[in-house]
Number of protein chains: 2
Amino acid sequence: MVDKKNSRDTLIEAASRLFRLRGYYGVGLNEIIEESGIPKGSLYYYFPKGKEELAIEAINHTKEMVISKIQEVFERIEDPIEAMQALIYQLSEVIGESDHKLGMPIGTIASENYSTSEPIRIACQLAFEDWQSLYKKKLISSGYSEKQSKEVSIIVNALIEGGILLSITSKSGKPLQVIAEQMPLLLIKK
Amino acid sequence: MVDKKNSRDTLIEAASRLFRLRGYYGVGLNEIIEESGIPKGSLYYYFPKGKEELAIEAINHTKEMVISKIQEVFERIEDPIEAMQALIYQLSEVIGESDHKLGMPIGTIASENYSTSEPIRIACQLAFEDWQSLYKKKLISSGYSEKQSKEVSIIVNALIEGGILLSITSKSGKPLQVIAEQMPLLLIKK
DNA sequence: ATAAAATTATAACGACTGGTCTACTATAAT
DNA sequence: ATTATAGTAGACCAGTCGTTATAATTTTAT
């Protein structure tokens, strides 16, 4: 039983990968079924409401992947500044890899659809909120105030999304590196 | 001679508006010609290379609009911290307006196309660089070091792009407001 | 073993895509 | 008056889009 994964998950993973790379409208269902090797009949069997439904599952899948990554780093590194720096440096290194497939995890879909699909918009909003909750929790458990933790978690989230955008656009890890280096400034305890 | 603008500019403005709202793949040429009232024959007369060529002009148009906005605020407000805060607050207020058509100015197109169209990727990169140059210039003229000015300009750019993304996704000006409030921290002179 | 249910496999649908092409109109130079 | 040029107008193309329909097959329950 080597690689017998179910079709539903295979579709979600392929969709997640492709949407991250070129957004919602930039990827067609034909490409998703080609990449996944799952026939179109199965796609509409598992996602009767079609592309939008699949996209929401893909967003949730991406969200969980990011949550795992954040948790892993946060468990490994106690200091919140160092932990967040490590997270961001890790991203900057991916850019260096040839043919990297980084991309704004859900930022592209969010900005394409915020005005056209409420279900997608809400799925993206929930992802951002969940990530921010993790940052906030880490900060609070390190002695930061409730208020500052909440505010900083928003900033960190914005910096990461914006940093990824700048780095993929300029094909350079530099923007993310600069962001990581400036982290301590934001985290001066008040 | 009330509203006799040339077709080329009318097309660019319509494209700029629509691409900001739903990105490159989310907007079709038919929608652009409908919104602008310019026929398809004229579109391909002015932009023989088609959608990609029009998109690049639209990106440059958006870039110039943002440059004007930044310059206007920077000329009006001398202190760099206050100026950047004003810029970001202004964005947060747009979100509050019903049916606002804010959107990441070029972030959506950039993240959709960074891996598929080099000409578009480069146009977006140049826009980011131009905006950062303005931030940097403002900081240097206020006595910040070359190095810090450059780094902060990257951070500010990332914060604005990320902040807009968070604000449009959550349908709230809050993220941008928080970012504006935390600006002073980033700008502690070293 | 058989029936029912779950899943896969294709083909086709109408709508729309970006792009091409040709006919037409307006203006100005000759 | 004629011709040249710039721009307008929109029908049309092949291909792709998301979606639907239905048949074939596999899996599960009895």
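Everything quoted here is computed from the prediction, not taken from an experiment. The figures that follow rest on heavy atoms only: side chains count, while hydrogens, waters and symmetry mates do not. So that the names make sense, note that chain A is the first sequence line, chain B the second, and so on, each numbered from 1.
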Fill in: All side chain to side chain donor-acceptor pair (under 3.5 Å) counterparts of Asp79(B), not counting sequence neighbours
none

Fill in: Segment of DNA chain C, first to last nucleotide, that comes within the 4.0 Å heavy-atom reach of chain A
dA6(C) to dT10(C)

Discussion item. Give the residues of residues 42-58 of chain B touching DNA chain D, defined as any heavy atom closer than 4.0 Å, sorted by residue number.
Written reply: Ser42(B), Tyr45(B), Tyr46(B)

Worksheet item: If every non-hydrogen atom of Gln85(B) is compared with every non-hydrogen atom of Pro184(B), which pair is closest and at what distance?
Response: NE2-CD, 3.6 Å

Worksheet item: Do Thr108(A) and Phe19(A) touch side chain to side chain, with heavy atoms closer than 4.5 Å?
Response: no

Worksheet entry | Length of the CZ-C1' vector between Arg8(B) and dA6(D), whole Å | 14 Å

Fill in: Donor-acceptor contact below 3.5 Å, side chain Asn157(B) vs main chain Ser153(B)
no

Worksheet item: Does the Gln71(B) side chain pair with the main chain of Leu134(B), one donor and one acceptor, at a distance under 3.5 Å?
Response: no

Item to complete: Kindly check if the number of other-residue, nucleotide or ligand heavy atoms within 6.0 Å of CD (Glu31(B)) is above 12?
Response: yes

Worksheet item: Of the candidate nucleotides dG7(D), dT20(D), dA11(D), which contains the atom at the shortest distance from the side chain of Lys40(B)?
Response: dA11(D)

Discussion item. According to salt bridge (Lys or Arg N to Asp or Glu O under 4.0 Å), does anything in residues 80-103 of chain B pair up with another residue at least two apart or in another chain? List the pairs.
Written reply: none

Fill in: Charged N-O contact under 4.0 Å between Glu151(B) and Lys147(B)
yes

Worksheet item: Is Glu112(A) paired with Arg121(A) through a side-chain N to carboxylate O contact shorter than 4.0 Å?
Response: no

Worksheet entry | Qualifying residues under salt bridge (charged side-chain N to carboxylate O under 4.0 Å, His left out), relative to Lys171(B), sequence neighbours excluded | Glu118(A)

Discussion item. Heavy atoms within less than 4.0 Å of DNA chain C: which residues of residues 23-35 of chain B have one? Give them sorted by number.
Written reply: Val27(B), Gly28(B), Leu29(B), Asn30(B)

